[in-house]
Amino acid sequence: MSELKSGTFSIEELENVQITIGSIVGAIEKAAEEEGDVGPTAKPGISDLRDWDYKLLEKYNPVYTPMCDQCCYCTFGTCDLTGNKEGACGINMEGHNAREFMLRVITGAAAHSGHGRHLLHHLIDLYGKDYPLKVGPSNIIAPNVQLVTGKKPETLGDLDDALDYVEEQLVQLLATVHMGQEGEAIDFESKALHGGMLDHVGMEVSDIAQISCLDMPKAKENTSLAEIGMGTIDPEKPVLLVIGHNVAGVTNIIDYMEEHNLSDKIELCGLCCTALDMTRYRTEGGDVPKAKVVGTLAKELKMIRSGVPDVIVVDEQCVRADVLREARKLMMPVITTNDKIMYGLPNRSNDDVEDIINDLKEGKQDGALILDFEKLGEVAPRLAQEMSKIRKEKGVTALPTDEEFKELTSRCVHCLACELDCPTNLPISDSMTSAAEGNLSPFEELHDKCIGCGRCEQACPKDIPILNVIEKAAQKVIREEKGKVRVGRGQISDPEIREEGVNLVMGTTPGIVALVGCSNHPEGTKDLYRIGDEMLKRNYIVIVSGCTAMDIGMYKNEDGETLYERYPARFLKGNLINVGSCVSNSHITGAAIKVAAIFAQRNVAGNYEEIADYILNRVGAVGVAWGAYSQKAASIGTGCNRLGIPVIVGPHGSKYRRALIGKPYDEEKWKVYDARDGSEISTPAAPEYLLTSAETVEELMPMLAKSCIRPSDNNMGRMIKLTHYIELSEKYLGIMPDDWYKFVRTETDLPLARREELLKILEKEHGWEIDWNKKKILSGPTTKSDVSAQPTNIKRLCKEAC
Amino acid sequence: MSELKSGTFSIEELENVQITIGSIVGAIEKAAEEEGDVGPTAKPGISDLRDWDYKLLEKYNPVYTPMCDQCCYCTFGTCDLTGNKEGACGINMEGHNAREFMLRVITGAAAHSGHGRHLLHHLIDLYGKDYPLKVGPSNIIAPNVQLVTGKKPETLGDLDDALDYVEEQLVQLLATVHMGQEGEAIDFESKALHGGMLDHVGMEVSDIAQISCLDMPKAKENTSLAEIGMGTIDPEKPVLLVIGHNVAGVTNIIDYMEEHNLSDKIELCGLCCTALDMTRYRTEGGDVPKAKVVGTLAKELKMIRSGVPDVIVVDEQCVRADVLREARKLMMPVITTNDKIMYGLPNRSNDDVEDIINDLKEGKQDGALILDFEKLGEVAPRLAQEMSKIRKEKGVTALPTDEEFKELTSRCVHCLACELDCPTNLPISDSMTSAAEGNLSPFEELHDKCIGCGRCEQACPKDIPILNVIEKAAQKVIREEKGKVRVGRGQISDPEIREEGVNLVMGTTPGIVALVGCSNHPEGTKDLYRIGDEMLKRNYIVIVSGCTAMDIGMYKNEDGETLYERYPARFLKGNLINVGSCVSNSHITGAAIKVAAIFAQRNVAGNYEEIADYILNRVGAVGVAWGAYSQKAASIGTGCNRLGIPVIVGPHGSKYRRALIGKPYDEEKWKVYDARDGSEISTPAAPEYLLTSAETVEELMPMLAKSCIRPSDNNMGRMIKLTHYIELSEKYLGIMPDDWYKFVRTETDLPLARREELLKILEKEHGWEIDWNKKKILSGPTTKSDVSAQPTNIKRLCKEAC
Amino acid sequence: MADVTKNLKVYTTYGPKNAKPAQPAIVAKMITKAKRPLLVVGAEILKDEKLEKAIAIAQKGIPVAATGHTMKGLKDAEGVDAKYINIHFLGSYLCDANWQGLDGKGPYDLILFLGHKKYYINQVLSGLKNFSNLKTIAIERHFIQNASMSFGNIKPETHLEALDELIAEL
Amino acid sequence: MADVTKNLKVYTTYGPKNAKPAQPAIVAKMITKAKRPLLVVGAEILKDEKLEKAIAIAQKGIPVAATGHTMKGLKDAEGVDAKYINIHFLGSYLCDANWQGLDGKGPYDLILFLGHKKYYINQVLSGLKNFSNLKTIAIERHFIQNASMSFGNIKPETHLEALDELIAEL
Ligand code: SF4
Ligand code: SF4
Ligand code: SF4
Ligand code: SF4
Ligand code: SF4
Ligand code: SF4
Ligand code: SF4
Ligand code: SF4
């Protein structure tokens, strides 16, 4: 075919056919838009969903808890904003904090969509723009993309277009971080919500691209189980460790290993989401995962310090900045494979494979940047074999010997500097004393709570390698760190939604609890197991992803079974679903969107406000980012929030600087419209927050149950949800909740077994009128019981309105 | 024409012609690339120019001066990094600071390209994608775009493509701000340089789009002079004040005013770059500018507090965050017109013009968001007329009366809190004393140094409205604030470069001094006048833009003439050129690129490294951002740096956190190759830094002369440059510079008038051998005099190399 | 007497405004003077003898906001007026001049904090410090810089001793 | 005696590590003990009597780095060994263990600062504090938190008095 240039021209011998390249491109765009109904906000700009944001923000007020009282953005500063003072540009603490929060959100969103962009370039290079998207038995292939951009993507090339939009918008948002832009906190809040929404588009693009091209499970129920834990790694074999989030390059390593029969000979293992995505690679058919998972970010430094890896390959995101510095000490070459992390290493992408291997083997360089994945595929496993020999020969040791351990623990002068510096103020000093006396259990306990950050070591005036001491002390525990993680299954399929949607909207499935985020837990990884266990027993749908999907698989019941082994993985009540890696979080919002689209037949494309309103009022879902630390968790949570899904973070999450918390005592604020006639319905605050932190797992449990209550629940649903709320409060706090009665609209809402008792309380403590013969409530509830009411926050969706 | 969808299909009756839409798009891309030679780095990714960056960074070392010893990016933090400690993610202070710097750079770049995107959407809406770019008599329409993307843009639509690239890359860079990405400072440095380069593409896109569509001067020499200064505004007329950087909406106001004969009846004036761009609008033919300029960001609060404006319209960037809060107190409605700044105001874009005017007039709302520029065009001037009447009737007063002034100045308890909070620690307390005693001159003096930030007021325990006191005291001075600013002329044209290029490369034009940036001057605005005056007298080409273009026009000589009136505006030695607003800064780098392209016939498209190397070694240009405060100044400067242009900032600029400074005493580092044969040439460090700060204007002067010395200067050029260097050092520091001799290669390099004196010094102090008969240097210089040497830092560009 | 204000070292700082050192006797005096004090007790008290101290303070007639799952330890204590509330919610309500308190009896004027994770309570207090005028006192074993007043970084034993002194003076 | 360390208030803070208060006599003692002290003088001294004080200190045999255009005031002073250098360059070279000083005689061990803009010198010192082990002493009229030691925020008169004391003890 001859090459066409831009401009108007005609095709040979066909004078009256004129093609204008510009307009063909335009026509493509137009055609795509016209596919089906498109709602009012396809590819919304910053201001297009502002009305919706304002509705949310009126109910859910930004609560600012600054990480710093100063602003140091521009050279007019540093400005002291303490007490909501104004800086030199006129911005006050509220405005600046909202801006700071937004910056974190767009940083997270950029990490995901930047990852998506890299992956997409790579996959389009390999498979072409016309390669079709394949995500499983669904018509709604990409709910977030379709909802936001107004277009249903069909090919890899279509994803390009969605990313263009995301990138354009992220740059608009980043622009507003500049001094002298937005002046009011509320509009920074709206911008933050915008960024969160974009994040889910970026994540979805990333994940469906890799699902489609890399033979990952496509909405499969029974994916395989992968091995997880430091205890599962065989240190006798050459160990090739990969760290990061972007599996692109690693697939070449796996392929090379298979082609060269190395799969059994090399221990290929990973940390963070790359690990999860390795287990998804080519397991669509139910194959055994091709790699082991070591664990989360919290294990990075611990794994390196163990001395076990022979070669480290890093890609992007959540990779400790000191990997090269740490690995160097232990003769582990580091290969960087992505321009986001290059560590100052020489670019060997264009060099001969043998030369690279030789230079690294001989220690001429600490590592190499290899952007050519073909070469990476060969270099990494071959080098691991070589290094394994060399390192064993040289007797590279890592953790202290027993003698050194004694010396180190005795060296401690108990100055407590380490504890002051430890993000969680762990009791290092006392543990040193115990360890010196031969009692390792304090350190064993500490090991689980320790996120392996190394900050204690930076502070110690006696230069004790504290983390090594902890790890040495916990060797016994670490050897037992063996768990299972179900391979990420990708999307929730349309048929599943069709089956379960009604239960969710009516409330007879008590709710969806999405456990996401990282490993910054306040009290160790068992927290997650406890949450999952409790909620699964109670028939909640528990969805996990990323690091949480890992940590939750590290605990077993007395039968030695992890939760994954005990609970099935369909989108049904009482099921435990691992969607996949961080970018798979988009499938959680995706499922909520699908409920509105499939169960309620709402139009998806470009119809954000209506769908979000539907979800806020009717889909009892709550997100938990218990160990959230990263900016990505902020953007994921914020994306959930704009879509009407509340999110709870662990105590460290208060450092995101802002929460969205309602004031249930301000009853005027909680009215909704009835879409049937535009009349107002008084409702209790449900949910009463969009983003908050919780202090302990025990506090979290009843909060979860309460967070799943929605105005649309029918009586049965309400009864089920109230039962769990009351039971969990009694179990974990020892008390009936203060506000349970607010959710009661009729006697049939009350848990059957306790109906009489509760009616009495209603009469006595709240002055409700009860007809004791019929056991009926005569007066009291704020909300009238009316199953067919259609709660909405949007006036224009009401029949009689506007 | 029928609409085409994506996919393969054939045209009626022409079965063997098949068109694949996907590949047409591809073909367009390909075709564009093949237009002329494309160098090795079209649309470079983060890693593609890393080798070049490393070459720069080896000579010019990052110097970190943190603004804060902590990092608060993620919830593992806050981490204490004092003393280059590592945080919880393993990043150390160096790495984090490099990251912080990069974040500021991409924030600036995003502000510019986000602005460009908004403008481009708007102009494409009005004029279509095929609208041709028109920038004046040049073949190189967009040197930065062509250099970086490898494509020469011809239409508005082509600019779209360039912005897509910029946005994609900015998001990649923002992604690396996330915790757990890049680990080494040097690669964050390379990323920062990447961001700076992108910024110039974004700026160029913005400016050539508006030049093309809005009848702005197109590389014109003798543009008109606009009035500038608070003293030029007639408060008796209705005053409509616009603030910001994006002229898009304001053009509708101007048009409306002309159509309705209001131009004489309303005082339309502006602050910051929107003001400059208003004066450019439709003055291509030399028309009188359609608006007055009030001044820079430093005048924003002062202008509002004066009470003079009746209505304020803001767009984006450099707009004080408290405009609405301040204006409210003085009954000035505020109209926001861009989604980057919305101030929480109700969106009236879809409302009736009369309704909007009435609501604002009656004070029902403090202001309105109007994104529809047609409506804005009508509302703003009409409202200004209405408000002028109303505000005069109500007798809205602003500055204190004489009596109030007395009371306020006496109220001061001299606690010095204000001075501690003032960014420049101005002597407020003593000035209060003087003022109370009737002596206003200390405050008059302070007024010029005061950047109107209002921080002092936030600190005052006696609630003295300090800024009002200052402004009241300075009323006499303010009434005299009347200057001139030459309307921005846009690009330097190809013919100009053809004429002047040789003088620049040979050094016979002593150099280009680009004065850019904001109003954060250490000692008041006269600083800039002094610099301009000195360098123009010495035949340097002085280029100005943005706030500097404003401030430099505020001073006059004894004949009452500004520098603009004294010096012509062609790209020739001794000329003073105002390129335009902030985004016009791209024309400064553009001119340097053109020198390489036109004078040296180097290929531009996608040939970044070679062009930058050329500029670094041969184009004696230096940028000065004396009052830089904003992130944009950081990105502009960094873009200059990657292209080989050194930049000096004022003392506040040290708060950008990092400089790039060489070590001249480490002589090994300063060798360059001779492109003729790949041999090494020893040269003195010239320039010896890429980014540094200077303490005073006096220090700056000799630095400027020295910064224009380049290895390629011929004898005549070298003599001229050395003369200025020595003279300026003697004039401003009182001494001969220490290092002047390092630049001498032969006796003809020495200033003629002082040749004998200098030869003596060379003999006596530096031990050089002199033939006193012939007055010739026999031995001594490190660099051999060889006019045809071709200095380069890139081995592959050498003939005998590789 | 327990000197609780010796070690006021901060690991990282929020800015120029930091808590003033507080000695137990002074704190007791301030509580006595306050019209509507509130004791905010966190779940860390469940881990050791701090629980008894918290109860003893509450028994002096100071209403308690029990955050986290602290109610577990307080619900059966006699003479303790404690209600559960999420601490982040509490932080938000306290900045609202219209909030009438846990019992609806009107706004509080002095807030005491005991039994919280250091980093968490500092965050909550960062909100109160910047967006309210409330007097806040941390009687924790760490220096809580975002309170108006705080004990220093002290040893657990000193901490218990200081709490006893405080109780004695109420 | 001028008490120069009374007011150590910071407007904003860089972090937990701040300058220790320095009294003139102590500073004098430290200078006397130092092997290679350097006095870095900024252009603010040209504005008042600080110029004389700077010269007097320099005349005690301490080499001077004259930043900005300070040479204007020093070039004709007798017995003063002063060289011009840009302060940002100086900050960079001082972090380089290989730099042999302005006169090539080897690295400095104690750096004094006088006559600089507060915000500017704090920035330069922020580099030295984080990336060198040099002892740095600010004898300015503001508390310079990023120095190792500093005078406090004092009045101009007190400042001159303190400098006199310092000179007297050298
Ligand atoms: S905002 Fe963060 S980086 Fe800036 S001063 Fe505060 S702690 Fe430091
Ligand atoms: S952005 Fe505003 S508050 Fe922040 S440092 Fe600059 S002037 Fe100060
Ligand atoms: S490595 Fe563990 S013990 Fe040390 S500071 Fe980090 S979390 Fe605390
Ligand atoms: S910092 Fe070091 S010496 Fe001090 S308590 Fe911790 S381990 Fe012991
Ligand atoms: S990004 Fe690193 S240094 Fe910064 S707060 Fe997070 S863990 Fe600490
Ligand atoms: S802060 Fe107010 S009272 Fe104190 S010196 Fe300044 S103007 Fe006077
Ligand atoms: S308004 Fe002027 S005097 Fe006041 S703090 Fe700002 S610069 Fe200083
Ligand atoms: S020069 Fe600076 S202050 Fe002026 S308009 Fe441009 S960015 Fe804003």
Side-chain angles (χ1 to χ4, degrees), chain A residues 3-6 21-22 24 27-28 31 46-47 67-68 72 74-76 85-86 88-91 95 107 110-111 114 129-130 167-168 170-172 174-184 186-187 317-322 339-344 423 453 455 458 629-631 652 655, chain B residues 3-6 21-22 24 27-28 31 45-47 67-68 72 74-76 85-86 88-91 95 107 110-111 114 129 167-168 170-172 174-184 186-187 317-322 339-344 423 453 455 458 629-631 652 655:
Chain A
E3 284 165 15
L4 302 175
K5 298 196 180 189
S6 180
I21 293 296
I24 286 187
I28 299 172
I46 293 181
S47 65
M67 273 302 275
C68 176
C72 54
C74 81
T75 79
F76 278 156
K85 282 214 289 263
E86 290 181 3
C89 63
I91 203 163
T107 303
K129 283 203 170 190
D130 295 332
E167 287 162 347
E168 174 183 317
L170 285 176
V171 170
Q172 292 289 316
L174 177 56
T176 70
V177 169
H178 194 276
M179 174 274 173
Q181 302 265 30
E182 187 55 74
E184 289 293 326
I186 186 156
D187 269 311
Q317 295 169 70
C318 298
V319 182
R320 287 187 61 84
D322 55 1
D339 58 16
K340 297 193 191 76
I341 303 181
M342 301 193 280
Y343 287 162
C453 73
R455 235 159 62 173
Q458 299 286 320
Y629 79 87
S630 84
Q631 294 100 324
H652 278 293
K655 289 183 250 172
Chain B
E3 283 164 13
L4 302 175
K5 296 192 180 191
S6 179
I21 293 297
I24 286 188
I28 299 172
I46 294 180
S47 65
M67 272 302 274
C68 176
C72 53
C74 82
T75 81
F76 279 155
K85 281 213 288 266
E86 289 181 4
C89 63
I91 203 164
T107 302
K129 283 202 168 190
E167 287 162 347
E168 174 183 318
L170 285 177
V171 170
Q172 293 289 315
L174 177 57
T176 69
V177 169
H178 195 277
M179 175 273 174
Q181 301 265 31
E182 187 56 74
E184 289 293 326
I186 186 156
D187 269 311
Q317 296 168 69
C318 298
V319 182
R320 286 187 62 85
D322 55 0
D339 59 15
K340 296 194 192 74
I341 302 181
M342 301 192 281
Y343 287 162
C453 74
R455 237 160 61 173
Q458 299 286 320
Y629 80 87
S630 85
Q631 294 99 322
H652 278 292
K655 290 183 247 173

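Note that this is a predicted model, so its numbers are computed, not measured.
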request  = Under the side chain to side chain contact (heavy atoms under 4.5 Å, CB included) rule, collect the residues that match up with I46(A), sequence neighbours excluded.
outcome  = Q169(A), Q172(A), L173(A), K191(A), H194(A), D339(B), M342(B)
As an exercise: rank [options] by heavy-atom pairs under 4.5 Å with chain B and give me the winner.
options                          : answer
G90(A), G183(A), S47(A)          : G90(A)
S630(A), G95(A), A175(A), C68(A) : A175(A)
V171(A), L170(A), V177(A)        : V171(A)
C74(A), G344(A), P423(A)         : G344(A)
A110(A), G180(A), G114(A)        : G180(A)
T176(A), L174(A), I186(A)        : L174(A)

Look at the side chain of [X] and the backbone N and O of [Y], then say whether any donor-acceptor pair between them is shorter than 3.5 Å.
X       : Y       : answer
Q181(A) : I341(B) : no
E182(B) : Y343(A) : yes
R455(A) : C89(B)  : no

message = I'd like to verify something: which residue of H178(B), R320(B), E167(B), Q458(B) has the highest number of heavy-atom pairs under 4.5 Å with chain A?
response = H178(B)
ask   = Relative to chain A, which of Q631(B), M179(B), E184(B), M67(B) shows the most heavy atom pairs under 4.5 Å?
value = Q631(B)
task = Could you list the residues that satisfy side-chain hydrogen bond (donor to acceptor under 3.5 Å, both in side chains) with E86(B), not counting sequence neighbours?
result = R325(A)
request  = Name the orientation class of the two ring planes belonging to Y629(B) and F76(A) (parallel below 30°, tilted from 30 to 60°, perpendicular beyond 60°).
outcome  = parallel
Atom group of I91(A) that falls short of 4.5 Å from chain B, counting heavy atoms = both
